[in-house]
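Counting starts at 1 for both ligands and their atoms, in listed order. Keep in mind it's a predicted model, so treat the numbers as computed, not measured. Every heavy atom of this structure was used, including side-chain atoms; hydrogens, water molecules and symmetry mates were not.
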Amino acid sequence: AKARGRGRFEFFDVEMRMRMQRRLRMEQDLREAVHSGQLWAAYQPVVDLRTGEMVAVEALLRWTHPKHGAISPAEFIPLAEESELINILGKFILQDTARELAAQRTEHGLGLSLKVNLSVRQLDDPHLIPAVRDVLSTTGLPPEALTLEVTESALMRDASAAAEVLTALRSLGVLLAIDDFGTGYSSLAQLRRLTLDTLKIDRSFITGIADSRDAAAIVASIIAMAHAVGLTVVAEGVETADELELLRELGCDQAQGYHLGRPVSAREMFG
Ligand code: C2E
Ligand code: CA
Ligand code: CA
Ligand code: CA
């Protein structure tokens with residue numbers, strides 16, 4: 001029994017070491033990726049449900065690894081969040097997409113807004129506020145054309161610390177969104193205390209609303225609650241025409257999802 005126990009430990013040891021080596025290699029690769037053009041921004045349309053027009057795009061980070069091909073942000077963002085790497089990635093995507101959007105707005109006269117995701121770790125970065133201010137002034141993107149999205153779980157991790165940073169961000173004139181709403185258990189009181197502009201309903205609440213009265217009722221109540229405290233409501237993960245129609249009937253303001261458009265490169269999005 002003893003010998004078997006040792007064997008098991010050794011097995012886990014080997015597996016753990018392999019997993020750690022893989023992560024270390026990926027982190028090293030990611031550091032290089034920033035400087036060698038492997039990272040790029042995909043853009044997904046956000047549509048106004050009253051007019052049917054595209055009013056914004058969400059920037060989503062993409063990594064094309066020279067050997068392994070496309071690596072999902074669901075894999076590399078959490079890895080980057082374990083170190084200061086996320087601040088480097090965050091700055092890269094903000095700079096790159098703000099420049100792109102500013103150019104598109106002047107060239108085509110588009111009233112397009114930009115939505116960029118912020119990681120919770122970036123909220124702790126003392127350089128965040130100056131970096132956002134700097135990006136706005138160098139690109140000329142009007143602050144009200146930029147919405148920063150922070151997930152509900154990130155905001156609730158340390159709500160009072162987050163509130164301070166959000167207030168500073170908002171004083172720059174940018175808009176703030178609570179992302180993946182419904183996955184984090186925030187109270188109405190906490191929501192009110194954070195000065196937010198937009199609430200983005202998590203995809204898990206949108207999937208199936210067209211087939212379930214209960215699911216639709218939950219979304220209806222989230223929309224009513226958000227509107228009651230003056231927030232604009234966006235639904236993410238809209239995959240069918242029925243979902244879109246129902247959201248319109250429920251008074252949802254904006255929508256995003258594969259039914260309306262997948263994330264694509266700047267060239268595919270803007271031509
Ligand atoms: P998110 O912010 O909730 O972004 C929405 C995700 O849902 C994106 O996945 C998008 O491609 C996907 N999506 C959009 N419409 C649909 C749909 O109709 N159906 C389905 N099944 N999925 C849809 P993606 O691009 O893989 O990004 C995953 C997550 O990685 C993002 O979730 C966000 O949390 C994070 N992320 C991506 N880019 C960045 C970034 O630049 N900075 C930070 N901090 N996080 C990022
Ligand atoms: Ca988002
Ligand atoms: Ca989201
Ligand atoms: Ca989500």
Side-chain angles (χ1 to χ4, degrees), residues 30 33-34 38-47 54 56-64 69-98 100-101 113-125 128 131-132 135 146-155 157 162 165 169 175-184 196-210 232-244 247 254-266 268-269:
L30 191 51
V34 187
Q38 297 166 26
L39 295 178
W40 53 281
Y43 295 89
Q44 185 177 36
V46 180
V47 170
M54 175 167 86
V57 287
E58 178 175 7
L60 295 159
L61 197 53
R62 293 291 177 263
W63 180 13
T64 311
I71 299 178
S72 166
E75 194 172 353
F76 71 81
I77 294 280
L79 180 70
E81 280 175 338
E82 286 172 19
S83 69
E84 85 295 348
L85 244 182
I86 189 64
N87 296 328
I88 299 169
L89 298 191
K91 205 170 163 185
F92 164 78
I93 190 141
L94 182 63
Q95 236 157 17
D96 188 58
T97 59
E100 181 71 45
L101 254 286
S113 297
L114 174 65
K115 313 211 183 199
V116 176
N117 295 288
L118 274 194
S119 152
V120 62
R121 196 164 167 135
Q122 288 178 271
L123 296 181
D124 298 332
D125 178 10
L128 177 70
V132 173
V135 162
L146 176 64
T147 300
L148 299 172
E149 300 190 349
V150 187
T151 62
E152 184 187 27
S153 49
L155 286 178
R157 222 190 48 171
V165 184
L169 282 171
L175 304 179
L176 300 170
I178 185 166
D179 202 353
D180 293 351
F181 182 81
T183 60
L196 301 164
D197 304 279
T198 302
L199 179 151
K200 203 164 188 177
I201 306 173
D202 190 61
R203 183 175 81 224
S204 57
F205 289 89
I206 305 303
T207 306
I209 46 165
T232 298
V233 185
V234 185
E236 71 170 19
V238 178
E239 295 186 350
T240 70
D242 288 346
E243 286 167 358
L244 187 67
L247 286 164
Q254 299 175 355
Q256 197 178 343
Y258 293 165
H259 177 68
L260 296 159
R262 287 179 180 259
V264 293
S265 70
E268 284 175 90
M269 174 62 74

Query raised in the report: Once you round to the nearest 0.5 Å, how far does OG of Ser83 lie from CG of Leu89?
Result: 8.5 Å
Report task. If you have a sec, read the angle at the Ca ion (ligand 2) from Glu149 atom OE1 over to Asp179 atom OD2, to 10 degrees. Result -> 90°
Atoms in ligand 1 with a heavy atom of [X] nearer than 4.0 Å:
X: Asp180; value: 3 (O)
X: Glu239; value: 17 (C), 18 (O), 19 (N), 20 (C), 21 (N)
X: Pro263; value: 11 (O)
X: Arg203; value: 7 (O), 19 (N), 20 (C), 21 (N), 22 (N), 23 (C)
X: Glu236; value: 3 (O)
X: Glu58; value: 2 (O), 4 (O)
X: Asp179; value: 2 (O)
X: Gln44; value: 14 (C), 15 (N)

Query raised in the report: What are the two closest heavy atoms between Ala42 and Arg62, and how far apart are they?
Result: CB-CG, 3.7 Å
Return yes if a side-chain donor-acceptor contact under 3.5 Å exists between [X] and [Y], otherwise no.
X: Asp202; Y: Ser204; result: yes
X: Lys200; Y: Gln256; result: yes
X: Ser265; Y: Trp40; result: no

**Report entry** Partner of Lys115 under side-chain contact (heavy atoms from CB on, under 4.5 Å), chosen from Leu148, Val57, Val234
**Finding:** Val234
Is there a side-chain contact between [X] and [Y] (heavy atoms, below 4.5 Å)?
X: Asp180; Y: Glu236; value: yes
X: Val264; Y: Met269; value: yes
X: Leu94; Y: Leu146; value: yes

Report task. Check whether any N, O or S atom of Glu236 sits under 3.0 Å from the Ca ion (ligand 2). Result -> no
Query raised in the report: For the Ca ion (ligand 2), does an N/O/S atom of Thr151 lie at less than 3.0 Å?
Result: no
Hey, is ligand 1 close enough to [X] that some N/O pair sits below 3.5 Å?
X: Glu81; result: no
X: Asn117; result: yes
X: Glu149; result: no

Requested in this report: Could you pull out all residues at least two apart from Glu82 that satisfy side-chain hydrogen bond (donor to acceptor under 3.5 Å, both in side chains)?
Outcome: Arg23
**Report entry** Any Arg262 heavy atom less than 4.0 Å to ligand 1
**Finding:** no
Query raised in the report: Asp125: what forms a salt bridge (Lys or Arg N to Asp or Glu O under 4.0 Å) with it, not counting sequence neighbours?
Result: none
Query raised in the report: Out of Ile77, Leu39, Leu61, whose heavy atom sits nearest atom 45 (N) of ligand 1?
Result: Ile77
Query - the Ca ion (ligand 2) - name of the N/O/S atom of Glu58 that sits closest to it - result: OE2
